[in-house]
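Down below is the structure, laid out as structure tokens.
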Amino acid sequence: MIPFEKLLNPEQLAAATAGDGPLLVLAAAGTGKTRTLVYRVAYLVEQGIPPDSLLLLTFTNRAAREMITRAEQVAGGLTGGIWSGTFHHVCNRFLRRYADRLGFRHDFTILDRDDTRSILDECVKALKLNRKEFPKRDVLAALFSTAANRCVPVFDVIEKSIDELNVDPMDIVRVHEGYEQRKHQLGAMDFDDLLVNGLRLLREHEEVCRSYQTRFRHILVDEYQDTNLLQAQLVDLLGAHYRNVMVVGDDFQCIYGWRGADFRNIMEFPKRYPDCRIVKLEQNYRSVPEILEVANACIAGNPEQFQKTLRATRLSRVKPRALFLRDGDEQAKALVRLVRRHQEDGFNLSQMAVLYRAHFHSIELQMELSRAGIPYVITSGVGVFEQAHVKDVLSFLRVCCQPGDRLAFARLLGMMYGVGPKAIEGYWEKLGGRFDSRNGQQRAALCAMIKPSARAEWTAIDRLLGAYHQENLSVNGGEIVSRFFDQFLHAYLERVYEHADKRADDIQELAVQIMQSPDVPAFLSEVALLTNVDHEYTQRQTQDAPDRLQLSTVHQAKGLEFPVVFVIWVAEGMFPSSRTLGEAGDDAEERRLFYVAVTRAKDELCLLAPEMRRSRDPRPSFPS
DNA sequence: GTTGGGAGAATTTTT
DNA sequence: TTCTCCCAAC
């Protein structure tokens, strides 16, 4: 028996050991939200609920793994089999099983951002629009994504931002149609499709829906304030049978509005579940009172929110500081001094974090840190799995096991010297719109077609394709990746990229990473859903992390805590970002974001505000 | 058709 | 600083 009363405070206890029925836990920052969830899981398992009838939905895979690990420790290893992960991850799992009901193959491809981009380019080109005036592919992608996540037609989204776009909205709608069509031809889904189709699967196939509804006795949702309409509907639907839906969140911390997150989901939860219990966690165990004061102050001005106040449990210490500096250069130098001083005070580098609004805010700082010889880690903007050379490897793996994957085929062949888009298109056509690497005849046909300039290179690859199937290397991804690297990629990287050795390291790491999946197809279906945050986490778990300063955006620091936090570029136009200031209502989100930044700090907080431009008030993030 | 140089632009936040 | 686009040469 776990002594819950001794380990939790009364509110946490109430939440963790609540009986059946819907439950809303409002957990302000640093109040032991994760702890409560972990103990909730342990409690349910102790009550004899089979672990595989628990569904735990989290915001990142990292959070899921962390919770499972901790719950395992608490409950003594009885938690195996819990369904957990992000919404995308869980939908992916549903769809891998029932894809045929929606007319997809079970090995459908998940399109990542690059794939989406190139398809969009094709669509725009196909409509022969003058692409000078036409919105860029990233804008289009954002538009379509917003529409999907808010469950609105594309046209409605365009209408709202039409004055900026300055084109015929019907052209955009046409591009969207083309995009959908191409995805369909490829039998592929993008990120949003996972949610859309996941929901569709449950809605349109009653027996499937029923089986999941009765399977999941309890559903637990973390970071509920950042769910969008699709996700909320998914939860409601899955929980409709038992109604044991527990959502945990903090409306103050809703920072993904731009991705369709709607904090009304959490605000209106009591309306949708009138019989729900509400538990508020307000005891803050993380930060010293001075930091909480800042936190409380900075969101006090926001309308529409659950009233909460953070109550400190810790003793006073040093006051948070704000430094005003002339420009970014001076800021970087000041930061180096601060870091040094904190080191003298006994803090490790890994206990400190530098947070900022956008990745490019950190460039000057990075240079200054290297100059000063202070090691740092940065969770960079481009995901580890999105880097060009990693995608090169992935496209090879995709060709190995996904015969209909035109995009991977094109990427892999594009790496051959002298082979360009036109030639590739020709090959694909002649192969009948499909390249099955298992099929010896097709492989021979391709070898015969390929340009002389690339024949040698391709022969090596062709042999690897053969080996993949003959030696059943599908279950030994590390081996096939290593061979691909040795026999082709190494030379290719040298030819094409500047820092080839650095990139080579990434590939070695990929070879390790891939072994954590049971086989290559499983890895491929997951890899698109892994983020660099997840990757950081596994790295920290495996190697003993060297002592390094952490640099991160506020978004990526969500859910983390550090003894010392520096927030840089706290200046009008940077943080709050000038991009969003124009749009009404979004300043509230900037304030929430700042709140998240502030509440990451346990002991010391320091805000750095360069004046750079002639902005008058360098502390715009504090509502007066 | 393809490559590669060179000039230019441009930078929110992410599953 | 990194990507992206455009043009000329192979």
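Source: prediction; values computed, not measured. First the proteins, then the strands, lettered A, B, ... as listed; each starts at 1.
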- Check every atom of C:dT4, B:dT12, B:dG1 against the side chain of A:Lys451 and return the nucleotide holding the closest atom. B:dG1
- For the atom pair CG (A:Leu220) and CG (A:Leu57), what is the distance rounded to the nearest 0.5 Å? 8.5 Å
- Message: Applying the Watson-Crick and G-U wobble criteria at under 3.5 Å, what pairs with B:dA10? Answer none if nothing qualifies.
- Response: none
- Check whether any side-chain nitrogen or oxygen of A:Thr553 sits under 4.0 Å from OP1 or OP2 of B:dT14, and answer yes or no. yes
- A:Arg137 near the nucleic acid: base, sugar-phosphate alone, or nothing, with a heavy-atom cut-off under 4.0 Å? sugar-phosphate
- Task: Could you tell me the separation between the CG atom of A:Asn61 and the C1' atom of B:dT14, rounded to a whole number of Å?
- Result: 13 Å
- Task: Please state how far atom CD in A:Gln253 lies from atom C1' in B:dT14, giving the value in whole angstrom units.
- Result: 17 Å
- Once you apply the 3.5 Å cut-off to both distances, tell me the Watson-Crick or G-U wobble partner of C:dT1, or none. none
- Task: Would you mind telling me which of B:dT15, C:dT4, B:dT13 lies closest to the side-chain atoms of A:His359?
- Result: B:dT13
- Message: I need the CD-P distance between A:Glu425 and B:dG1, as an integer number of Å.
- Response: 9 Å
- Message: Base, sugar-phosphate or nothing for A:Tyr417? Non-hydrogen atoms, less than 4.0 Å.
- Response: sugar-phosphate
- Task: Measure the distance from CG on A:Asp190 to C1' on B:dT15 and round it to the nearest whole Å.
- Result: 11 Å
- Query: Can you say whether the rings of A:Phe435 and A:Phe409 are parallel (under 30°), tilted (30 to 60°) or perpendicular (over 60°)?
  - Reply: tilted
- Give A:Val419 one of three labels, base, sugar-phosphate or nothing, depending on what nucleic acid heavy atoms sit under 4.0 Å from its own. sugar-phosphate
- For A:His88, does its backbone N or O pair with a side-chain atom of A:Asn92 as donor and acceptor, under 3.5 Å? no
- Quick one: which of B:dT13, B:dT15, B:dT2 gets closest to the side chain of A:Arg357? B:dT13
- Item | No-hydrogen, no-angle side-chain donor-acceptor test under 3.5 Å, A:Ser118 and A:Asp114 | no
- Atom-pair distance (CZ on A:Phe59; C1' on B:dT15), nearest Å: 7 Å
- Message: Taking the cut-offs as 6.0 angstrom to the six-membered ring centre and 45 degrees off its axis, would you call A:Arg93 and A:Trp83 a cation-pi pair?
- Response: yes
- Under the 5.5 Å and 30° test, is A:Trp258 stacked on the base of B:dT13? yes
- Query: Can you check the A:Ile450 CD1 to B:dT2 C1' distance for me, whole Å?
  - Reply: 14 Å
- A:Ala358 side-chain proximity, nearest of B:dT11, B:dG1, B:dT13: B:dT13
- In whole angstrom, what separates A:Lys136's NZ from B:dA9's P? 11 Å
- Query: Given the P atoms of C:dC5 and B:dT12, what is the spacing between them in whole Å?
  - Reply: 16 Å
- Item | Any A:Gln556 side-chain N or O less than 4.0 Å from OP1/OP2 of B:dT13 | no
- Side-chain N,O (A:Arg259) to OP1/OP2 (B:dT12) below 4.0 Å: no
- Message: Say we look at C:dT4 and B:dT13: how far apart would their C1' atoms be, to the nearest angstrom?
- Response: 22 Å
- Comparing A:Met416 with A:Asn149, nearest DNA chain B nucleotide closer to 5' gives the residue A:Met416
- In whole angstrom, what separates A:Phe191's CZ from B:dT13's P? 16 Å
- With a 3.5 Å cut-off and no angle check, do the side chains of A:Asp190 and A:Thr116 form a donor-acceptor pair? no
